Every structure is written in structure tokens, then in C-alpha cells.
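The next block holds one structure in the form of C-alpha cells; read it before the comments.
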Amino acid sequence: MAEGPSSLSALGLGCRLSDGSWAFRDVDLELRAGQLRLLAGRNGAGKTLLARHLAGLLGPTEGRVLFEGVELPKLGGSLASRIGYVFQDARLQTVGETVLDDALFGPTCLRTPPSEAAARASEALLACGLAGKEERFVHELSGGELRRLGIAGALATGPKVLILDEPFANLDPDGVRDTLGILKDLRDSGMALLVITHEIEKVLGLASEFFVMDQGKIVLSGSPEDVLRRGIEGYGLRDPFRPRTSVKDLSWL
């Protein structure tokens, strides 16, 4: 797949915590239109905090985040119309009483004209397999439907970049497949995607680049094949191609 233009990039990004330690530092990465990139690492590596900086939800201690070459603080208007963010816990992202109310929330907050807001919400719900469920109460939805509604809510604001934090958490196999289908369609439509997950086996086949983060640093990056060849198990990740060959491998401790 040919590389599209750079949509979002981090240059020397760092975040210092209140105790003086660094949550992450010297992070450089780039997201490109029409590509899905994967970020993985052990718990506490700094992935979610980094993602929230990339989305402009937090400001860095040092370094810059650029959207189409412009630093985030210099962009006019809402960042939500450029960079969408889907939280790990889908319940934290739902605010409407019904599915349609929820999908309308984002464009309405951006003061989108009502007819355009309705069109955006309908298009997002259709893309996420929720068309025909507009009047369903949000509290009645399954876990997979809640995940898809979280994605739809982010899409309804019209972003070019979508960042998803652990999008497969607590999903059954059907929910995983539904979510993967949405991600593939978005990638193929030209969106830039960053997926943060430790369940790498679910999404590696869609990824053009694989970042591994450990102790606040990007320690490996490259194509999925290259990164797997260099070894990921020392960073708290399981190589999906490595078979379990001993009883000790079966321990969850």
C-alpha cells in the first residue's frame, strides 16, 4: 500500500509527571492517511497517556504534535473535528439517552447546522452497523454495540484521524470481528488510524506499522513482520506465532 500524506505526527514528545519522573519522553511517530498503525506494550508503558497527548486532550511537557503540519495549539476550532478519540471504556463516551441522541452529541457541540448534524450522525451510525437502531436506549445495548456507538460518536464530528484505546476490550468474537470490519473500512476510505492494544493478534493483519512502547519509550518500530522478527516478548507482549511448548507457558502469573 502506498503511503498517504502525514496526518498526525509527534516530534520529541514528552510528559513529565508531578513527581518529576517522565511518563514518556523523546517519542517520535507518524500517522498517515489510509493506514492503520498499531501501538502496544505492557501495562504502565505510557500508551494511553501518549494517546491522549496525540489527540490534544493533554498538553506535552516538551515536544510537539502536528496535525497536517500545524501544531495542535495553533489550530483554530475544535480538535474533535480533526482527531477522534475512542476511550477503552465505551460507557465513558456515551452521553445520549438513545443511539441517535448520542451520535448527534458531537456535531451539535460543534454547532453544526441541524440538517448537517443529522446527516453526519446517520452516516456514522451506518458505517458502524447501527443503522435502524437509532431509537434504542443506550443502556440496552450490548458491549459490542456500545463499542461501535463510541466509534460512531467520534466519526460524527468528521475527523481525519482516529485513535482507539483497547478497542477489543471485553468483546466477544463477533464484537471483535464487527470492530475490525469498521477499522478496515475506515482505513480503506483514507482515514489515519492508531490502535492501542495488547491483543495484537487481532489487528496485526491490518497494520502497516507496529510500534512497541516500554518504560515511556518507543523501543521498536517498523512493519509488523520486522518488529516480530526482532522480538517482542522482552517487552511484555506475546508473539502470536510463538507456540506454547511447556507447562510453565500455561501459567497466567
Side-chain angles (χ1 to χ4, degrees), residues 1-16 23-39 46-88 93 103 105-112 116-117 120-121 123-124 127-128 150-167 182-197 203 206-211 213 216-218 221:
M1 183 182 298
E3 287 206 346
S6 177
S7 297
L8 193 72
S9 55
L11 302 174
L13 205 63
C15 171
R16 190 194 291 271
F24 60 83
R25 199 173 192 189
D26 298 324
V27 171
D28 297 306
L29 61 81
E30 191 172 46
L31 308 182
R32 289 186 173 272
Q35 294 192 354
L36 183 153
R37 299 197 168 182
L38 170 63
L39 174 64
K47 306 183 301 296
T48 293
L49 197 56
L50 172 60
R52 293 183 181 183
H53 280 77
L54 294 174
L57 301 177
L58 298 171
T61 305
E62 63 182 23
R64 300 179 295 161
V65 180
L66 290 78
F67 174 83
E68 296 184 342
V70 180
E71 290 187 51
L72 297 191
K74 297 180 180 179
L75 291 168
S78 170
L79 288 178
S81 64
R82 299 173 172 92
I83 308 167
Y85 188 91
V86 181
F87 289 84
Q88 176 176 349
Q93 200 153 348
F105 180 79
T108 300
C109 287
L110 296 177
R111 299 184 178 180
T112 307
E116 184 180 346
R120 286 187 179 186
E123 183 178 350
C128 293
I151 298 173
L155 293 179
T157 62
K160 292 184 178 181
V161 177
L162 188 63
I163 299 171
L164 304 99
D165 190 2
E166 295 290 354
I182 294 168
L183 298 184
K184 181 180 183 299
D185 289 344
L186 292 174
R187 182 201 64 181
D188 293 348
S189 73
M191 184 167 286
L193 296 148
L194 178 65
V195 174
I196 301 153
T197 183
V203 72
L206 297 180
S208 59
E209 188 161 5
F210 182 13
F211 303 104
M213 193 170 187
K217 303 277 189 180
I218 301 292
S221 65

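A quick note: this is a predicted structure, and the numbers were derived from the prediction, not measured.
- Shown here is Glu123, whose CD atom has no more than 12 heavy atoms of other residues, nucleotides or ligands within 6.0 Å.
- Applying side-chain contact (heavy atoms from CB on, under 4.5 Å) to Leu13 and the options Asp28, Val27, Asp26 leaves one that passes, Val27.
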Apply side-chain contact (heavy atoms from CB on, under 4.5 Å) to the pair Cys15 and Leu49, showing each step before the final yes or no.
CA-CA 8 Å; Cys15 171; Leu49 197 56; 3.8 Å; yes

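- For the pair Ser7 and Ala33, the tightest heavy-atom approach, listed with the atom from each and the gap, is OG-N, 3.5 Å.
- Contact between Cys128 and Ile182 at its shortest, heavy atoms only, is CA-CD1, 3.7 Å.
- Within a 6.0 Å radius of OH in Tyr85, more than 12 heavy atoms belonging to other residues, nucleotides or ligands are found.
- Between Pro167 and Val195, the shortest heavy-atom distance links the atoms CG-CG1, 3.8 Å.
- Taking all atoms of both residues into account, the shortest heavy-atom contact from Gln35 to Ser208 is OE1-OG, 3.0 Å.
- To the nearest 0.5 Å, atom OG1 of residue Thr61 and atom CZ of residue Arg25 are 9.0 Å apart.
- The environment of Lys160 atom NZ is sparse: at most 12 non-hydrogen atoms of other residues, nucleotides or ligands sit within 6.0 angstrom.
- Heavy-atom minimum distance, Thr112 versus Pro107: OG1-O, 2.8 Å.
- Of all heavy-atom pairs spanning Ala154 and Gln93, the tightest one is CB-NE2, 4.4 Å.
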